[in-house]
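Note sheet for the following structure.
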Amino acid sequence: MSETTSYEEEVPREEAADLLQALAREVRGDSGDIAEVQVGNKTLTLRPGATVEYGIEIEERSPMLGGDREEITVTLGWEASEGE
């Protein structure tokens, strides 16, 4: 079974950076083998493996296509580690 949880909001630039840093700390494993990730008002408990697939995509739209807009999509994926 597959389940997707998503959330999107507009936040100040500094808050976006703080959210990314918090996610990075969780993936790094600063608090153990699990990563607790906040998605809106829901907290998900993930178990990142030792090896992580990392991808990054940047989209730049010109003003001729409806206005200047830049978007970054970062993808992380892994085989879940064994829980205790």
Asp18 side, atom CG; Arg13 side, atom CZ - distance, nearest 0.5 Å: 12.5 Å

Rounded to the nearest 0.5 angstrom, the CD-OG1 distance for Glu57 and Thr75 is 7.5 Å

Applying side chain to side chain donor-acceptor pair (under 3.5 Å), name anything that partners Gln21, two or more places apart in sequence or on another chain.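 Here no residue qualifies.
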
Go through the structure and list residues passing side-chain contact (heavy atoms from CB on, under 4.5 Å) with Glu53, not counting sequence neighbours.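 None.
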
Who passes side-chain contact (heavy atoms from CB on, under 4.5 Å) against Glu15, sequence neighbours left out? Val11, Pro12, Leu19

Ile56 atom CD1, neighbour heavy-atom count above 12 within 6.0 Å: yes

Close side-chain approach of Leu76 and Tyr54, heavy atoms under 4.5 Å: yes

Can you confirm whether Glu59 sits close enough to Arg69 that some side-chain heavy atom of one is under 4.5 Å from a side-chain heavy atom of the other?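 They are not in side-chain contact.
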
Report, one line per pair, each donor and acceptor closer than 3.5 Å where one atom sits in a side chain of residues 34-41; sequence neighbours left out.
from: Gln38; atom 1: OE1; to: Thr43; atom 2: OG1; distance (Å): 2.7
from: Gln38; atom 1: NE2; to: Gly40; atom 2: O; distance (Å): 2.8

May I ask whether Val74 and Val52 are part of the same hydrophobic cluster, defined by side-chain heavy atoms of I, L, V, M, F, W, Y residues being less than 4.5 angstrom apart, directly or through others?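 Same cluster: Val74 reaches Val52 through Ile, Leu, Val, Met, Phe, Trp or Tyr contacts under 4.5 Å.
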
Check the hydrophobic clustering (I, L, V, M, F, W, Y; side-chain heavy atoms under 4.5 Å; chains of links allowed) and say if Leu44 and Tyr7 are grouped together. yes

